[in-house]
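Lettering follows sequence order; numbering is per chain, from 1. This is a predicted model, so every value here is computed, not measured.
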Amino acid sequence: MSPLPTRRLARARRLDRLAALCITGGGALILLSVGFLLVFLLVECLPLLSTGKGTPEGSVGVAFVPLVASEDEYRETVAVLGRDGILHLVRRDGSSEARTLEGVAPPLEEATVDSSGRLVALRDGRGSVQVWSVRLRPSWKGQGRGLELSLKPVLVAPPLKAGPILAVAGSDGSAGVLVATPTGALLLRTGSGPSPVALDALSPAVAGTLTSSLAEAWLASEGELLLFEVGGEAEVASLVARAPLAHRPTALGLVLGEVTCLVGDGAGVVTAWQAVEGPMAGLRILDRSATFPGQGAIRRLLPSQRDKTFLALRADRAELFHLTTRRRLFELPAFPSRVVWASLSPRRDGAFAVTATGQVHRWSLAIAHPEVSFSTLFLPVRYEGFTTPELVWQSTGGSSSFETKLSLVPLIVGTFKGALYALLFSAPIALAAALYVSQFAPRRLRLVTKPMVELMAALPSVVVGFLAALLFAPLIQRHIVAVLASLVTVPVAVVAGAALFSALPRTLRRRLPPAGELLLVGAAVAAAVTLTFALERAVTRLCFSGDFQAWLANSVGVTYDQRNAVVVGFALGVAVIPVIFTLAEDAFSNVPASLISASLALGATRWQAARTVAIPAASPGLFAAVMIGLGRAVGETMIVLMATGNTPLLSLSPFNGMRTMSACIAVELPEAPYGGTLYRVLILTALLLFAVTFAINTVAVMVSNRLRRRFGRLAA
Amino acid sequence: MTPPALATVALTCGFGNHTVLHDVSLAVAAHRITALIGPSGCGKSTLLRCFNRMNDHLHGFFHRGQVLVEGRNVYDPTWPVEALRFTVGMVFQKPNPFPLSIRENVLFGPRLAGVTQADALEERVVRSLQQAHLWDEVKDRLHASAFDLSGGQQQRLCIARAMASEPDILLLDEPASALDPIATAKLEETIVALSEAVTVLLVTHNLQQAARVAHRTVFLYLGRVVEEGETVRLFEAPQEKLTEEYVTGRFG
Amino acid sequence: MTGLRHWLKEGAAQRWLAGAALLAALALVVGLVVVVVTVSAGFFWPRPVLELQLRDGSVVLGEEWGREDDPTEAGSQRVRMKVGNRDVFGLDFRWVRGAEVAARRTPAAAWLLERREYGNFYGFPQALRSPTGSVAVTDPSFQVHLDHALAETRRLVQEEEALLRRASRLHEPVARLRLRVAAAERAGRDAAALQAELEAATRREQTAAAPLLAELAELRGRAAAFSLLMRTADGSERELAVSSLLRVVPANRMTTGAKLALYLSRWVEFVSGEPRESNTEGGIFPAIFGTALMVLLMTLVVVPFGVVTALYLNEYAGENAFTNAVRLALANLAGVPSIVFGAFGLAFFVYTVGGGVDRLFFSDTLPTPTFGTGGILWAALTLALLTVPVVVVATEEGLQSVPQAVRDGARALGATRWQTVRRVVLPYATPGILTGTILAVARAAGEVAPLMLTGVVKLAPALAVDTTPPFLHLERKFMHLGFHIYDVGFQSPNIEAAKPSVYATVLVLLGLVVVLNLAAITLRNRLRRRLRSSAV
């Protein structure tokens with residue numbers, strides 16, 4: 001005996017244990033990766049659910065009676081206008097600096113600020129209405145950032161008999177202020193001379209608002225909302241549309257983009273209105289597009305300058321809402337009483353309020369994705385400028401006030417539309433081909449077929465998509481009639497060929513090798529295709545008056561896109577056929593041969609054996625094959641990216657393109673800023689895609705496992 | 001007195017709920033050939049594989065009682081299973097050469113044991129192949145693949161491979177079951193010659209083979225030792241009725 | 001009626017239909033490959049330069065690149081002419097209606113010039129100007145002079161490129177410092193010291209670069225002295241710098257041998273050259289290189305990972321819920337769309353891991369990302385995750401082909417489980433592992449969607465491997481054959497001009513994938529034969 005060196009043995013055993021640990025760890029790593037992938041994607045899109053929150057940042061006191069206030073972009077200083085006619089710059093640490101508004105006679109009677117916080121309208125002690133430009137600009141002089149205040153009057157009107165100031169808007173060069181009168185309101189503008197424009201509402205306005213171009217003004221009287229257009233040759237205000245209001249309005253505000261006007265009322269409800277084309281051409285009507293219920297009369301409505309969020313100020317509360325999602329986001333916590341003015345910071349990352357007792361309160365706001373909610377993702381939404389709720393994907397627009405439309409429904413529908421057309425084309429072909437190879441074909445043919453189908457599976461989808469889009473799409477467009485007709489004529493010709501074949505004498509048929517029969521089938525197919533294409537022109541002239549596309553547009557009302565669902569169906573078929581074929585072929589060959597032999601022994605023909613034994617026995621496997629094929633079609637990216645027009649339209653027509661979830665991710669995710677709403681929505685799309693394919697695959701695996709168990713027993 | 005080469009004491013073992021061996025106590029003397037015979041499923045192979053703990057790799061294996069190799073319990077925690085297997089070699093039913101050359105097949109065990117000197121390795125190759133009566137047939141193609149050998153040659157290569165580790169005991173699990181009669185005869189000749197160097201425990205369902213090769217024979221039936229004794233005695237004058245029925249071919 | 005029923009029962013029609021389905025599937029794959037090969041292979045073959053005399057008196061000179069039915073006039077055809085001379089006409093292509101053509105000629109004197117910029121030029125050579133004087137085309141020594149001028153300018157251009165490379169290397173420290181200064185200023189740190197360093201570096205660069213610039217001007221001057229005077233179809237003359245010419249092709253006077261040589265040389269240039277003219281011309285070497293390097297990096301990750309997983313499932317795992325979970329995870333990994341991996345790769349590898357690496361090690365250049373943006377490493381890791389199931393499945397097949405008796409034999413000789421795996425099982429399963437690797441490589445070479453998110457670009461400024469330390473730049477973006485097809489075929493402003501390039505890329509990619517797959521299939525069939533023979 002050769003005594004084994006103990007140390008060597010110990011080392012081998014240690015190594016063995018280490019290897020077992022590593023290899024088991026490697027197996028666990030797969031599980032972990034998939035779990036981590038799922039969890040990570042989930043975590044990345046979780047912030048979408050949050051409506052955000054506001055955190056109080058404390059308050060500082062000032063020694064005067066405040067009227068209005070605005071905040072700088074970096075949330076360092078709040079400029080508070082006191083009743084004493086002095087502008088106080090109040091910093092976070094409580095220190096402040098005072099600047100007098102020259103020529104303003106204290107005490108001020110009232111004041112208001114425009115939506116940007118840069119224009120202040122006031123009525124001084126003499127009753128003069130004035131507009132001042134207040135700008136806090138950051139400056140980088142020396143070390144650190146400082147603030148530079150520029151303060152100048154842009155409009156000074158003589159004292160006039162009129163009601164309270166309703167709104168101020170515009171820019172330094174062209175500012176306007178809306179003042180209530182017993183019959184409506186007056187619009188005072190810079191440079192408009194002594195005659196202000198009258199807005200005639202026949203009753204006193206209680207609230208009003210102005211677009212920054214000064215071209216439109218909204219007024220609310222006791223029970224009515226009115227929209228005026230200001231302009232034209234005569235520079236007059238004309239009433240464009242009006243609508244009754246249910247409750248007494250208390251405040252108006254224009255959401256960013258200045259399309260939607262918010263109306264707050266004494267009952268505590270905020271309604272959103274927009275002017276839309278009425279039933280009579282050229283006439284606009286006011287249409288209520290949203291309602292935000294709540295408790296407590298609205299005192300002011302303060303829209304954000306960043307997005308469609310707005311702050312609703314009530315007697316002792318302030319709440320944030322978002323127009324697109326129709327959601328109440330949250331209420332500002334620890335809101336003080338006796339607030340005289342409150343607003344959102346320019347970057348919508350904070351809010352402030354000043355109280356009659358001279359306290360300046362601040363909040364920081366974390367509202368990451370207010371424009372997304374379950375309903376905006378999956379349900380029809382009535383966006384600004386829309387007359388009905390719709391499902392739209394439009395992630396980027398021209399301007400900063402663009403309302404992003406992130407409905408996933410067009411993408412989901414597009415995905416399944418593409419997959420469905422692909423399956424319609426590929427499932428019958430793949431299943432029938434698998435049936436032929438496993439039940440009827442000679443063994444030699446199978447040896448040729450398998451590698452070819454595997455090669456088909458390996459064709460890079462970018463190549464398939466490229467050919468489909470640049471080569472086949474124009475071809476199909478030119479010969480669409482023949483292509484569609486072939487779907488009918490080819491099977492008919494094949495059946496006819498079979499009939500002819502059966503009519504041949506039996507001896508002659510016997511002499512034909514099985515591969516020879518396939519050649520005859522090929523001849524029948526080729527003949528049918530050739531004939532169909534030869535007759536195309538004549539048929540088109542006869543049935544579609546010479547131009548199928550024109551016929552389609554005129555008679556059916558469907559436009560024809562060059563890259564459409566038919567093209568995608570064919571192209572995806574190339575990717576899907578091998579998947580279904582391979583699995584279906586496996587399912588067929590897993591049916592124990594003894595079952596088929598038994599059936600044949602009872603006198604069944606090969607077809608009867610296939611129909612009564614092989615197909616029923618393999619059916620769960622065939623189902624699984626089609627499911628996996630569906631999973632592949634749903635997830636395919638490059639083919640649909642290239643062979644569809646990639647337009648996120650909600651259309652089921654085979655002659656239109658679409659955009660799928662996968663293509664949308666591929667196109668938009670590289671451009672989406674990290675952590676932004678679009679980024680998270682696209683990650684959510686990826687997660688959905690993962691979930692869908694996960695479900696499809698799991699069902700397929702379970703079904704085929706059941707099949708294996710069933711025949712496992714039979715085979716054993 | 002030296003302990004028997006192999007022994008079991010009241011060994012009961014099996015897989016899961018199925019007990020294969022019942023209370024088997026057995027002693028195998030050193031430097032002799034002992035045959036285990038019995039009908040299929042009687043537990044011959046399981047008993048054989050107890051001695052080098054190969055059963056441990058099978059699902060649900062359990063055992064009670066003792067398995068002793070040279071008087072030492074094979075489950076002794078200070079005796080690593082790998083060391084045990086260096087002492088107890090084994091040859092399987094079907095030839096199982098590794099995808100290596102003939103030479104590397106033979107040297108598999110020595111290399112595991114850490115033998116590195118070229119002359120020692122060379123000596124092992126020659127001696128093992130000679131012991132397995134294979135040397136003359138393969139000495140010119142030691143670097144050829146083991147798969148190029150015939151079935152009988154492969155099985156003798158497996159014997160050489162087992163012998164290269166210089167075991168004290170060799171377990172043979174129906175080594176000739178996959179071979180033709182001529183290869184079987186050659187193999188039996190080899191086995192007989194081996195008994196000079198090692199103790200051989202041979203499982204076979206071929207009674208003639210047991211009669212031809214073994215010094216002693218143990219008859220197992222339904223997991224129990226029915227009878228054991230010198231081969232000639234057992235075959236010619238069985239004491240148990242079951243043994244007699246089995247060796248005369250009335251069942252099996 | 002019963003006849004029909006009987007006929008249906010016999011099943012000839014069903015069998016024929018199923019056969020037709022099989023033929024359709026096979027025709028699809030064969031047709032696709034044949035179409036790619038026939039269309040792609042022809043683009044580089046030299047065509048004659050046609051001269052079309054139009055009825056309005058004008059002349060069109062160029063190559064014919066296809067014809068179709070004239071949509072404006074039934075029954076007649078129109079010809080797509082590649083007229084080149086983009087710098088003169090603006091567009092390379094124009095349609096010529098059949099009715100317009102008065103005469104069609106292939107003038108022997110017409111030449112095709114392939115240029116570095118502005119695409120092809122078609123015209124008639126007039127004279128060659130060189131420092132030693134002007135040689136007319138009628139001069140018998142014209143060709144000799146031209147060959148000399150081409151060789152000379154080519155050498156000068158190479159020298160010029162080498163100079164530019166040296167100059168850009170001189171600039172590198174300045175560029176790096178500038179980034180750090182900018183980052184320091186953004187962060188509000190004191191940048192005065194860095195600023196001074198930057199100024200010093202800039203001065204150093206200027207001193208070092210001055211002689212280079214002088215040399216450059218001298219080289220350019222020498223190259224500019226060679227020019228070729230050409231007459232265009234409309235009779236006007238243009239002088240082209242010889243240094244701007246890649247090839248001079250007397251297209252209508254070529255023998256078949258010369259055509260073949262030109263054809264092959266165009267392929268060589270395509271496979272080994274750099275892209276020009278926003279990828280529509282030139283070669284695809286960076287794309288081939290990027291694909292190969294990315295796939296190589298991926299292989300380094302996926303093969304160990306896949307083999308270990310397969311070993312676990314086949315050699316170590318027990319029959320328990322955990323193993324089932326691993327199998328389910330694997331099945332789903334195989335079924336999850338590749339774009340989901342891309343999204344994960346972007347979110348996790350690029351933004352989370354890459355962003356973290358940047359914060360830890362490259363904070364001085366932030367917010368300009370180093371690893372926190374798409375790169376070849378992240379793309380390779382993403383694809384590794386994608387292709388793990390491929391390797392696992394093939395390796396498992398290899399492992400299953402190892403007879404249990406062989407494992408038992410090794411264990412009975414006193415080998416530990418790991419020794420058995422390493423010395424016997426793995427060598428036995430090598431063909432399976434190799435098959436899996438090849439299939440994974442083929443899959444990765446053809447996959448595009450996840451790369452679009454994790455680091456592929458249309459034009460990479462530099463290869464990921466070069467001569468500046470650390471030689472392998474894993475953070476760099478890269479070019480990829482598949483993405484090249486998508487980008488040039490769909491995003492290119494001049495798709496017609498890009499057609500030869502993009503079709504040739506399709507051919508290269510398809511050839512690569514097909515060859516890899518055929519190799520894998522062959523290998524696997526060999527393995528399966530052994531599996532069958534060892535089971536007997």
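- The part of A:L641 that comes within reach of chain C is its side chain, from C-beta onward, which places non-hydrogen atoms under 4.5 angstrom from that chain.
- Residue contact with chain A, scored on non-hydrogen atoms closer than 4.5 Å, involves the backbone and the side chain of C:V326 alike.
- Chain A forms more heavy-atom pairs under 4.5 Å with one residue of C:A334, C:A310, C:A449 than with any other, namely C:A449.
- Under the 4.5 Å side-chain criterion, counting only non-hydrogen atoms from C-beta, C:Y312 is not in contact with A:L29.
- Using a 4.5 Å cut-off between heavy atoms, A:L669 contacts chain C through both its backbone and its side chain.
- Residue C:F483: no heavy atom, backbone or side chain, is found under 4.5 Å from chain A.
- Within the 4.5 angstrom heavy-atom criterion, no atom of A:A604 approaches chain C.
- Note on A:G522, A:A700, A:P491, A:A499: by heavy-atom pairs under 4.5 Å with chain C, the leading option is A:A499.
- The closest side-chain heavy-atom distance from A:F690 to C:I339 is not below 4.5 Å.
- Contacts between A:A434 and chain C at a heavy-atom distance below 4.5 Å are absent for every atom of the residue.
- Proximity to chain A is limited to the side chain of C:L385, based on heavy atoms less than 4.5 angstrom apart.
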Show, in sequence, the C-alpha distance, side-chain angles and deciding distance for C:V29 and A:V574, and conclude whether the side-chain contact (heavy atoms from CB on, under 4.5 Å) test is met.
CA-CA 7 Å; C:V29 54; A:V574 178; over 6 Å; no
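- Relative orientation of the A:F501 and C:W16 rings is tilted, given thresholds of 30° and 60° on the angle between their planes.
- The side-chain heavy atoms of C:E315 and A:I23, taken from C-beta on, include no pair separated by under 4.5 Å.
- Shown here for C:A329 and A:I30, the closest heavy-atom pair between the two residues is CB-CG2, 4.2 Å.
- If you look at A:F36 and C:F348, their ring centroids are closer than 6.0 Å.
- Neither the backbone nor the side chain of C:L313 comes within contact range of chain A; no heavy atoms are under 4.5 Å apart.
- For the side chain to side chain contact (heavy atoms under 4.5 Å, CB included) criterion with C:N332, the lone passing option out of A:I696, A:L37, A:T698 is A:T698.
- Annotation for C:F305 and A:G26: closest pair CE1-O, 3.9 Å, computed over non-hydrogen atoms.
- Residue with the most contacts toward chain C among A:V490, A:L471, A:V667: A:L471 (heavy-atom pairs, distance under 4.5 Å).
- Looking only at heavy-atom pairs under 4.5 Å with chain C, the residue among A:L682, A:I429, A:D16 that has the most is A:D16.
- At a 4.5 Å heavy-atom cutoff, A:A691 makes no contact with chain C through either its backbone or its side chain.
- Using a 4.5 Å heavy-atom threshold, the side chains of C:V448 and A:S461 count as separate.
- Chain A forms more heavy-atom pairs under 4.5 Å with one residue of C:V502, C:L439, C:T454, C:V388 than with any other, namely C:V502.
- Each of A:V521, A:N697, A:V34 has some count of heavy-atom pairs under 4.5 Å with chain C, and the biggest count is that of A:V521.
- Considering only heavy-atom pairs separated by less than 4.5 Å from chain C, the leading option among A:A498, A:P428, A:G27, A:A433 is A:A498.
- No part of C:R443 comes within reach of chain A, as not one of its non-hydrogen atoms sits under 4.5 angstrom from that chain.
- With a threshold of 4.5 angstrom between heavy atoms, A:L520 approaches chain C through its backbone and through its side chain.
- Neither the backbone nor the side chain of C:V421 comes within less than 4.5 Å of any heavy atom in chain A.
- Contact record, C:S338 with A:T637: OG-OG1, 4.5 Å, taken as the closest heavy-atom pair.
- The heavy-atom pair separating C:Q419 from A:A12 by the smallest distance is NE2-CB, 3.5 Å.
- Side chains of A:E454 and C:N517 form no contact here, defined as non-hydrogen atoms less than 4.5 Å apart.
- The parts of C:A343 that come within reach of chain A are both its backbone and its side chain, each placing non-hydrogen atoms under 4.5 angstrom from that chain.
- For A:V437, the part lying near chain C is the side chain, with the backbone staying farther off; criterion is any non-hydrogen pair under 4.5 Å.
- Of the charged side-chain nitrogens involved, none lies within less than 4.0 Å of a carboxylate oxygen, so that C:E68 and A:R478 do not count as a salt-bridged pair.
- Using a 4.5 Å heavy-atom threshold, the side chains of A:I665 and C:L453 count as touching.
- Of the two parts of A:S33, only the side chain, counted from C-beta on, holds a non-hydrogen atom closer than 4.5 Å to a non-hydrogen atom of chain C.
- You'll find the side chain of A:F40 reaches within 4.5 Å of the side chain of C:T352, heavy atoms only.
- Ranked by heavy-atom pairs under 4.5 Å with chain A, the first of C:G489, C:A25, C:A24 is C:A25.
- Shown here for A:T693 and C:G335, the closest heavy-atom pair between the two residues is CB-O, 3.9 Å.
- Between chain A and the options C:L330, C:V30, C:V336, heavy-atom pairs under 4.5 Å are most frequent for C:V336.
- With a threshold of 4.5 angstrom between heavy atoms, C:L32 approaches chain A through its backbone and through its side chain.
- Nearest heavy atoms, C:A325 versus A:L31: O-CD1, 3.5 Å.
- Between C:R15 and A:W607 the shortest side-chain heavy-atom distance does not fall below 4.5 Å.
- Annotation: maximal heavy-atom pairing with chain A below 4.5 Å, among C:Y486, C:F322, C:Y351, occurs at C:Y351.
- Contacts between C:F490 and chain A at a heavy-atom distance below 4.5 Å involve the side chain alone, from C-beta outward.
- Interface remark: C:V513 contributes side-chain atoms only to the contact with chain A (heavy atom separation under 4.5 Å).
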